[in-house]
2 protein chains.
Amino acid sequence: MSTIKDVAREAGVSTATVSRVMSGSGRVSERMRERVLAAADRLGYRPNAMARSLRSETTRTLGLVVSNVLNPFFTAVARAVEDAAHERGYSLILGNADEDPEKEELYLNVLLERRVDGLIVSPARAESPYLAEVVEEGVPVVFVDRHIEGIGAPVVRADGRRAVGELVEYLVGLGHRELAVISGPPEVVSGRERLEAFVGAAQQRGVPVMEERVRVGDFRRASGAVAMRELLALRERPTAVFVANNLMALGALREVRRAGLKVPEDISLASFDDVSWFELVEPPVTAISQPTGELGAAAARMLLEMVEEGRRPRSLIMDAELVVRDSCGRPGR
Amino acid sequence: MSTIKDVAREAGVSTATVSRVMSGSGRVSERMRERVLAAADRLGYRPNAMARSLRSETTRTLGLVVSNVLNPFFTAVARAVEDAAHERGYSLILGNADEDPEKEELYLNVLLERRVDGLIVSPARAESPYLAEVVEEGVPVVFVDRHIEGIGAPVVRADGRRAVGELVEYLVGLGHRELAVISGPPEVVSGRERLEAFVGAAQQRGVPVMEERVRVGDFRRASGAVAMRELLALRERPTAVFVANNLMALGALREVRRAGLKVPEDISLASFDDVSWFELVEPPVTAISQPTGELGAAAARMLLEMVEEGRRPRSLIMDAELVVRDSCGRPGR
DNA sequence: CTGAAAGCGCTTACAG
DNA sequence: CTGAAAGCGCTTACAG
């Protein structure tokens with residue numbers, strides 16, 4: 001692989017000139033430019049980004065650590081972040097924490113050792129001394145979807161509380177009194193928020209959720225299935241279940257089917273996180289929809305603002321929306 | 001951010017010793033080790049990966065360029081590659097070409113400038129002079145899912161031809177004579193292969209696919225919807241449609257529903273690429289399933305073999321499997 | 001086992 | 001506009 005020296009020799013100029021041509025910075029005569037470009041082309045020169053970054057102290061790279069790539073919510077966010085980054089000439093390194101705080105820390109470390117210019121994180125837990133330190137050090141960080149209280153980094157997320165309240169109202173309106181929830185981990189902000197919003201709204205409307213009808217999953221598919229199995233085994237089976245994300249809803253839906261039951265005749269179900277196939281399922285699934293693309297794009301925009309202008313933008317809380325389809329009906333019994 | 005020099009000073013040793021301790025290579029006395037570690041810890045030292053790579057000429061990083069992150073097939077592959085890489089101490093930079101050859105080239109270039117140790121690519125098109133050059137230069141490359149003929153890099157993929165043949169047999173057995181296909185781009189190997197396998201098998205069984213019933217999509221959702229709309233508008237509507245990937249199947253299924261038609265009563269449908277929600281749709285979708293996890297893991301394994309041992313492993317072709325569910329029935333008319 | 005020093009491939013003041 | 005040279009933060013033969 002040829003280096004800047006080879007190009008300089010081939011073109012009969014100094015490495016400084018080659019550098020100026022390649023980076024497009026600094027004044028270079030048209031004649032030199034052409035000579036350098038021709039030489040670089042002849043040699044198949046590809047600048048070494050690491051050498052460049054080492055010297056210039058910037059990598060034009062952003063890091064994104066996502067809780068779970070298999071979750072379509074996060075792939076959509078990642079996609080949006082990537083687009084926004086690309087548009088501004090940044091590339092994106094994606095890390096998948098897989099809902100595991102240790103893996104998350106490992107990835108953060110890898111990204112930081114690579115000296116990414118900034119970091120977008122959707123933390124696996126509600127606490128992270130490591131992340132706190134990183135922000136403390138001055139690394140530009142923005143949280144997306146989930147955040148950690150007490151860490152001074154802006155957040156971009158959808159607040160689902162209003163929509164969850166609306167869902168509860170809708171369910172109660174249909175006649176449901178026996179509510180259940182398959183929650184995400186309470187150690188995760190979004191997990192706790194959705195759980196509390198649901199339980200709180202139910203309480204407020206006079207249909208408190210019995211403790212045994214609150215099942216805690218881990219936002220992954222299998223846990224949704226397990227939780228649903230347990231709910232179906234209850235002596236007093238709930239008439240409606242709220243599932244806190246799309247992956248768990250997939251598991252739960254499967255479990256209902258496996259038990260030979262029907263939605264919504266035997267049990268109503270609604271999910272947080274709308275995904276494209278929800279409308280194809282029979283019956284189409286009622287869900288709370290988040291503006292995924294906007295979340296990702298806003299996170300990228302905010303991070304670049306921090307990186308390039310040294311500003312600290314304000315957090316951005318968007319709204320989520322209840323999309324009523326056919327998976328909730330009147331309770332049968 | 002502190003450097004190796006700061007740590008050396010703090011510990012009262014040379015930078016060489018710090019380097020040896022941090023990298024775990026070379027003999028260092030226990031006493032030194034502890035002093036260095038303590039100093040590094042006190043300073044919150046984080047080695048600069050770029051400086052390290054610049055010197056050591058290895059990044060312990062792999063690049064993966066995928067045709068479309070929004071396709072669950074590829075996220076599953078990416079996930080498997082990442083796991084395998086991680087296990088061996090490598091990290092992964094993911095690039096999303098978005099089925100666009102230009103974006104693909106841009107990403108390859110970014111990864112190469114970052115001097116990744118090797119590359120896994122699922123190319124957007126059947127040709128790529130750029131990739132040919134890269135392989136020529138000696139960069140370790142393995143193709144996954146799709147490959148480019150004439151480029152001397154090993155491939156890991158599932159050959160769907162047998163399963164597609166089986167599907168045709170199954171459809172013909174159900175009584176279908178009016179077959180249609182929503183194909184991927186013929187410029188993409190997997191697109192062409194699936195199309196040819198389907199058309200060929202149909203021909204062989206005496207039920208040739210009429211030309212107007214061959215619709216070419218781009219493997220993305222919207223194109224599946226458009227193609228299905230066209231098929232449904234045909235004077236002689238087909239009785240069964242084979243869709244060449246899951247994203248287009250999603251679009252096609254939606255379109256059938258929007259037209260107020262029922263699967264399989266009005267039209268039968270089968271898809272390439274099994275995805276988790278296919279069994280939840282009404283009716284559950286008959287599909288051809290690929291061993292996604294194995295594909296990704298094998299690709300990573302092979303690439304590491306090339307990177308670490310300088311060997312050139314043989315291509316690996318796995319089998320795909322027809323999973324019969326309920327989306328194909330006897331033709332009604 | 002430990003250190004002094006060269007060098008990886010760039011960029012960037014500093015001169016001219 | 002152009003070049004010589006220093007230096008980014010590491011690693012790695014080479015001595016001792």
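Order of the sequence lines fixes the chain letters, A, B, ..., with proteins taken first and strands second; residue numbering starts at 1 for each chain.
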Can you check the [X] [atom1] to [N] [atom2] distance for me, whole Å?
{"X": "B:L54", "N": "C:dG9", "atom1": "CG", "atom2": "P", "value": "7 Å"}
{"X": "A:M50", "N": "D:dT11", "atom1": "CE", "atom2": "P", "value": "13 Å"}
{"X": "B:I4", "N": "C:dT2", "atom1": "CD1", "atom2": "C1'", "value": "14 Å"}
{"X": "A:R52", "N": "C:dT12", "atom1": "CZ", "atom2": "P", "value": "10 Å"}
{"X": "B:K5", "N": "D:dT11", "atom1": "NZ", "atom2": "C1'", "value": "14 Å"}
{"X": "B:M22", "N": "D:dC10", "atom1": "CE", "atom2": "P", "value": "9 Å"}
{"X": "B:R20", "N": "D:dC10", "atom1": "CZ", "atom2": "P", "value": "15 Å"}
{"X": "B:D6", "N": "D:dC8", "atom1": "CG", "atom2": "C1'", "value": "13 Å"}

Per-nucleotide pairing state of DNA chain D [Watson-Crick or G-U, under 3.5 Å; [ ] pseudoknot-crossing; | other strand]: |||.||||||||.|||

B:E137, CD atom: more than 12 neighbouring heavy atoms under 6.0 Å: yes

Atom CZ of A:R33: over 12 foreign heavy atoms under 6.0 Å: no

Among B:D41, B:V28, B:T17, side-chain contact (heavy atoms from CB on, under 4.5 Å) partner for B:V36: B:T17

Sugar-phosphate only, base, or nothing, as touched by A:S19 at under 4.0 Å among non-hydrogen atoms: base

Heavy-atom side-chain contact between B:L119 and B:L111 under 4.5 Å: yes

No-H, no-angle donor-acceptor pair, A:R55 side chain to D:dG9 base, under 3.5 Å: no

Distance-only donor-acceptor test (3.5 Å): side chain A:R115, base D:dG9: no

Trace of the side-chain hydrogen bond (donor to acceptor under 3.5 Å, both in side chains) decision for B:T61 with B:R115: CA-CA 8 Å; B:T61 303; B:R115 300 295 191 265; over 6 Å; no

Salt bridge (Lys or Arg N to Asp or Glu O under 4.0 Å) between A:E99 and A:R220, intermediate numbers included: CA-CA 9 Å; A:E99 302 287 3; A:R220 284 181 289 197; over 6 Å; no

Counting side-chain heavy atoms from C-beta on, which of [options] comes nearest to [X]?
{"X": "B:S14", "options": "C:dC10, C:dA4, D:dT12", "answer": "C:dA4"}
{"X": "B:E57", "options": "C:dT11, C:dC8, D:dA13", "answer": "C:dC8"}
{"X": "A:A51", "options": "C:dG9, D:dC10, C:dT11", "answer": "C:dG9"}
{"X": "B:S56", "options": "C:dT12, C:dC10, D:dT12", "answer": "D:dT12"}
{"X": "B:A16", "options": "D:dC8, D:dC10, D:dT12", "answer": "D:dT12"}
{"X": "B:V13", "options": "C:dG3, D:dT11, D:dC8", "answer": "C:dG3"}

Residue pair [X] / [Y], side-chain donor-acceptor N/O under 3.5 Å:
{"X": "A:Y90", "Y": "A:E82", "value": "no"}
{"X": "B:Y130", "Y": "B:N109", "value": "yes"}
{"X": "B:S315", "Y": "B:R157", "value": "no"}

Selection: residues 27-45 of chain B, any non-hydrogen atom under 4.0 Å of DNA chain C: B:R27, B:V28, B:S29, B:M32

Closest non-hydrogen atom pair between B:A39 and B:A11, with its separation: CB-CB, 3.7 Å

